[in-house]
Amino acid sequence: MASSESINKTNCNIGTVAVIGAGVVGLCCALEAQRKGYRVVLFDRDEAGLGASFGNAGYLATELIEPLSNPKTLRSALALWLNPKAPLFLPLQYFSRIAPWLLRFVGASGPEALRRSRTGLIQLNREAIAAWQRCLEDIGASEQIVKSGYLLVWESADKIDAARQHQEWLRENRIETELVQGERLAELEPELAKTVNHALFFPDACRVREPYLLCKRLFAAFINRGGEFIQQRVTQVRPSGHRVTVSTELQDYNYDNVMICAGAWSKALLSDMGINVPLEAERGYHLTIPAAGSMLRHPIGSAERRFVMGPLDSGLRVVGMTELGGLKLSPVKGRFDVLSYHSSQLLPGLKNQGLDVSEWMGHRPTLPDSLPVIDQHPQHPQVVFAFGNQHLGLTQAAVTAELALRLMQKEPGSIDMNAFKVSRF
């Protein structure tokens, strides 16, 4: 197979592409456009990889194929909101702003909408790991993905039937797990609290070594292949004829194609082009504990506490919280305290008061049906959208990039793209 360098030499100058957003989705899109022979310019107000891509758990969560908007979630939502240690938060000062989005979220739980969203997630997640392997092999960074396995744990013994039911549902969707207890569970995770009664072990699950370092590797490959990075905030995208103008705070630039991968900041850019999407900024929180990286052998998800923690090169990463609070509110200290409490309940070694802990809050791009937008502007197909992957931005980044470039080049694919259209709302 020809290398990307030789492909670029033979197909170069087929057009120019501006990619707006240097998170993991934007970086994958920029590299994929280069592979197709485009000359690519990447825009972001920050350095590459410093948005939501920086703060995730590093786990490639391909088993998350159930949309967040479902009857079970809706039945528990009020109790979760009222529980100060639960993972769901909705600041009262933001309630009037988020109310229309919440109505759409409820609407997305209907049987037909739920089926469509679930099918879309299954399609993306089944292709996610292979797409990442293609991307990383191409740039000589295959070591960035680790076949780590994953444990979904329950503390309540009376929830073992729930675990078995979930295992059967996963098996029906071609996801194999092992129900583990006792010595087998202790063998997999020796430092896990003895209060954990049982778990589902996903032997084929993968993670990345370190999300931010992965983004840096992607960015370095992009620059080495002739890519240009403009660190300026994009204020407007204006398609006209067969060209597109990208305006920043300093000047205007013109390109043949534009890909909008700006995550939670994509909504304003689309609005200026006459497209309104119900995109909200879901504020995610994390803790990183450098000295605790060896406490776990696998990423761990708590089915009851609803958070994730796992080992990274930088240490133990603890991730959770669904806080629908927009782009402007400051981080809430209590959210970090909740993560600290839950993680120490599952890992008693974290109760050591001498451990250094770093805190972070970022913004996930969230749509009511848990699916991203991967589509073209209905009147201006030279503008491509790739945003809104919510909790699965890292998981779905490489496959999202492949699908977005197929749209740009009018290439057929095996995935039904109707579920990801911008006009579905």
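- Considering only heavy atoms from C-beta on, Arg184 comes within 4.5 Å of Glu178 through its side chain.
- When the ring pair (Phe, Tyr, Trp, His ring centres under 6.0 Å) test is applied to His363, the partners found at least two apart in sequence or on another chain are Trp265.
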Verdict with supporting geometry, Val208 and Val146, side-chain contact (heavy atoms from CB on, under 4.5 Å): CA-CA 6 Å; Val208 302; Val146 179; over 6 Å; no
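- Interatomic distance, CG of Asp46 versus CZ of Arg233, reported as 11.5 Å (0.5 Å rounding).
- With a 4.5 Å cut-off on side-chain heavy atoms, Met273 and Ile260 count as touching.
- With hydrogens and angles ignored, the 3.5 Å screen pairs a side-chain donor or acceptor of His377 with a backbone N or O of Gln379.
- Looking at Glu127 and Ile415, their side chains come closer than 4.5 Å, going by heavy atoms from C-beta outward.
- Looking at residues two or more places apart in sequence or on another chain, you find no side chain to side chain donor-acceptor pair (under 3.5 Å) involving Asp272.
- Contact annotation: the side chain of Tyr253 never approaches that of Val41 to less than 4.5 Å [non-hydrogen atoms, C-beta and beyond].
- In this structure, the side chain of Ser69 engages the main chain of Ser109 through a donor-acceptor pair within 3.5 Å.
- Side-chain contact, Ser148 with Arg207: no donor N or O sits under 3.5 Å from an acceptor N or O.
- With sequence neighbours excluded, the residues satisfying side-chain contact (heavy atoms from CB on, under 4.5 Å) with Arg406 are Glu402, Leu403, Glu411.
- Counting all heavy atoms, side chain and backbone alike, Ile139 lies closest to Ala221 at CG2-CB, 3.7 Å.
- More than 12 heavy atoms of other shown residues, nucleotides or ligands fall within 6.0 angstrom of atom CD in Gln231.
- The shortest non-hydrogen separation linking Ser343 to Met309 is CB-SD, 4.0 Å.
- The backbone N or O of Leu88 sits nowhere less than 3.5 Å from a side-chain atom of Thr322 that would complete a donor-acceptor pair.
- Under the 4.5 Å side-chain criterion, counting only non-hydrogen atoms from C-beta, Ser53 is not in contact with Pro211.
- A salt bridge between Glu191 and Arg297 is absent, with no side-chain N of the basic residue lying under 4.0 Å from a carboxylate O of the acidic one.
- Classification of Arg424 and Asp369 as a salt-bridged pair holds, one side-chain N sitting under 4.0 Å from a carboxylate O.
- A pairwise comparison of heavy atoms in Ala22 and Leu42 identifies CB-CD2, 3.8 Å as the closest pair.
- Side chain of Ser302 to main chain of Phe307: no donor-acceptor pair is present (N/O by atom type, distance under 3.5 Å, no hydrogens or angles).
- In the model, Glu210 has a side-chain atom that pairs as donor or acceptor with a side-chain atom of Ser314 under 3.5 Å.
- Using a 4.0 Å cut-off between charged nitrogen and carboxylate oxygen, Glu143 and Arg217 count as a salt-bridge pair.
- The nearest pair of heavy atoms linking Pro67 to Ser117 is CG-CB, 3.4 Å.
- A 6.0 Å sphere centred on CG of Asp356 holds no more than 12 heavy atoms belonging to other residues, nucleotides or ligands.
- Qualifying side chain to side chain donor-acceptor pair (under 3.5 Å) partners for Lys194, counting only residues two or more places apart in sequence or in other chains: none.
- Counting only residues at least two apart or in different chains, ring-ring contact (aromatic ring centres under 6.0 Å, His included) contacts with residues 189-223 comprise Phe54-Tyr212, Tyr150-Phe202, Trp154-His198, Phe201-His298, Phe219-Phe229.
- Side-chain atoms of Glu323 and Tyr285 form a donor-acceptor pair, as typed in the model, at a separation below 3.5 Å.
- Under the ring pair (Phe, Tyr, Trp, His ring centres under 6.0 Å) criterion, Phe89 pairs with no residue at all, not counting sequence neighbours.
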Side chains of residues 383-395: which donor-acceptor pairs under 3.5 Å do they make with residues two or more places apart or in other chains?
| residue | atom | partner | partner atom | Å |
| --- | --- | --- | --- | --- |
| Asn389 | ND2 | Gln396 | OE1 | 2.9 |
| Asn389 | ND2 | Thr400 | OG1 | 3.3 |
| Gln390 | OE1 | Ser370 | OG | 3.4 |
| His391 | NE2 | Glu282 | OE1 | 3.4 |
| His391 | NE2 | Glu282 | OE2 | 2.7 |
| Thr395 | OG1 | Ala61 | N | 2.9 |

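- Nearest heavy-atom pair across Ser156 and Asn197 is C-CB, 4.4 Å.
- The pair Lys333-Asp337 counts as a salt bridge, with a side-chain nitrogen and a carboxylate oxygen less than 4.0 angstrom apart.
- Applying the side chain to side chain donor-acceptor pair (under 3.5 Å) test to every pair with at least one member in residues 85-101, sequence neighbours left out, gives these pairs: Tyr94-Glu280.
- Separation of atoms CG (Leu405) and CD (Glu32) is listed at 5.0 Å; rounding is to 0.5 Å.
- Of the possible donor and acceptor atoms, one in the side chain of His286 sits under 3.5 Å from a partner among the backbone N and O of Gly55.
- For the salt bridge (charged side-chain N to carboxylate O under 4.0 Å, His left out) test, residues two or more places apart in sequence or in another chain that qualify with Asp161 are Arg164.
- Taking 4.0 Å as the cut-off between side-chain N and carboxylate O, Glu249 and Arg45 do not count as a salt-bridged pair.
- In terms of heavy atoms, Leu269 sits closest to Ala262 at CD1-CB, 4.4 Å.
- A 4.5 Å side-chain heavy-atom check between Cys135 and Leu218 finds at least one atom pair inside the cut-off.
- For the atom pair Asp204 CG and Thr62 OG1, the distance stands at 9.0 Å (nearest 0.5 Å).
- In this structure Arg116 satisfies the side chain to side chain donor-acceptor pair (under 3.5 Å) test with no other residue, sequence neighbours excluded.
- In this structure, the side-chain contact (heavy atoms from CB on, under 4.5 Å) partners of Arg75, at least two apart in sequence or on a different chain, are Pro71, Lys72.
- Checked against side chain to side chain donor-acceptor pair (under 3.5 Å), Ser344 has no partners two or more places apart in sequence or in another chain.
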Criterion side-chain contact (heavy atoms from CB on, under 4.5 Å) on Gln165 and Glu168, from CA distance to verdict: CA-CA 5 Å; Gln165 291 170 12; Glu168 181 57 30; 5.8 Å; no
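- Counted within 6.0 Å of CZ on Arg126, heavy atoms from surrounding residues, nucleotides or ligands total more than 12; the atom is thus considered enclosed.
- Using a 4.5 Å heavy-atom cutoff, the side chains of Met259 and Val17 are in contact.
- Taking a cutoff of 4.0 Å between a charged side-chain nitrogen and a carboxylate oxygen, Arg238 and Asp252 qualify as a salt bridge.
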Residues Val258, Gln382; criterion side-chain contact (heavy atoms from CB on, under 4.5 Å); working and verdict: CA-CA 6 Å; Val258 168; Gln382 70 271 36; over 6 Å; no
Chi angles and distances behind the side-chain contact (heavy atoms from CB on, under 4.5 Å) call for Ser266, Leu279: CA-CA 8 Å; Ser266 300; Leu279 182 70; 4.1 Å; yes
CA sep, side-chain torsions, deciding dist, call: Thr248, Gln232, side-chain hydrogen bond (donor to acceptor under 3.5 Å, both in side chains): CA-CA 6 Å; Thr248 72; Gln232 297 174 20; 2.5 Å; yes
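- In this structure the side chain of Arg35 reaches within 4.5 angstrom of the side chain of Asp138, judged on heavy atoms.
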